[in-house]
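Just so you know, residue 1 is the first one in the sequence shown, and it goes up from there.
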Amino acid sequence: GNGYIEGKELENFFQELESARKGAGVDPKKDNLGDKMREFMHKYDKNSDGRIEMAELAQILPTEENFLLCFRQHVGSSSEFMEAWRRYDTDRSGYIEANELKGFLSDLLKKANRHYDEPKLQEYTQTILRMFDMNGDGKLGLSEMSR
């Protein structure tokens, strides 16, 4: 919940990554997990702080998943966040509903010069809701969106 993958989260990330590789038929090397973690961190932990930030994670993810990085860059400061909130909470309900979130993501992707189609936009909208809609009501409250 702090915006980084670190400590036990990082270890779990590597274990899941290794499991996914095995499930995909990739023959893992005989290296132990610790060696792989060190190699990975050397390659992707650009600021050498021992944890993976969103910007660093975006280097690892497939290109189409990098929209999360665009999202974070678009609302970098708290004033930009509140400005975006007011602009996309079109019905002034105090929540960003799925259709409003979809509009936000559409504008964000256009601003980042990223091509997308309607099914992809819908997928991105649902991904953001799945990740941040903590109470499962299908909309984002201010505290959920600020995460």
query: Under 3.5 Å, side chain of K139 to main-chain N/O of G136, donor-acceptor pair present?
result: no

- request: Check whether any side-chain N or O of E9 sits under 3.5 Å from a backbone N or O of E6 as a donor-acceptor pair, and report yes or no.
  value: yes

message: How close do R51 and M41 get, counting heavy atoms only, and between which atoms?
response: N-CE, 3.6 Å

field: Full working for side-chain contact (heavy atoms from CB on, under 4.5 Å) between D107 and Y88
entry: CA-CA 10 Å; D107 290 350; Y88 292 98; 2.7 Å; yes

- request: Mind running salt bridge (charged side-chain N to carboxylate O under 4.0 Å, His left out) on K102 and E118 for me, showing each step along the way?
  value: CA-CA 10 Å; K102 193 173 173 182; E118 185 60 31; 2.3 Å; yes

query: Can you hop from Y95 to L142 via hydrophobic side chains spaced under 4.5 Å?
result: no

message: So D89 and D91, do their side chains get closer than 4.5 Å, heavy atoms only?
response: yes

- line: In short, S106 meets Y116 closest at the heavy-atom pair OG-OH, 2.5 Å

query: Which atom pair, heavy atoms only, marks the closest approach of L129 to A98?
result: CD1-CB, 3.9 Å

message: For the CD atom of E100 and the CG atom of L105, what is their distance to the nearest 0.5 Å?
response: 12.0 Å

message: Rounded to the nearest 0.5 Å, what separates atom CD in Q15 from atom CG in N12?
response: 5.5 Å

task: Could you tell me whether the side chain of T125 and the main chain of L121 form a donor-acceptor pair under 3.5 Å?
output: yes

statement: From the list D45, D35, I52, side chain to side chain contact (heavy atoms under 4.5 Å, CB included) with F40 holds only for I52

query: Any donor-acceptor pair under 3.5 Å linking the side chain of D133 with the backbone of D137?
result: yes

message: In the structure I gave you, are the side-chain heavy atoms of E123 and Q126 within less than 4.5 Å of one another anywhere?
response: no

- prompt: Which atom names give the shortest non-hydrogen contact between R87 and T90, and what distance separates them?
  reply: O-CG2, 3.7 Å

message: Quick check for you: to the nearest 0.5 Å, what is the distance between I5 atom CD1 and Y44 atom OH?
response: 13.0 Å

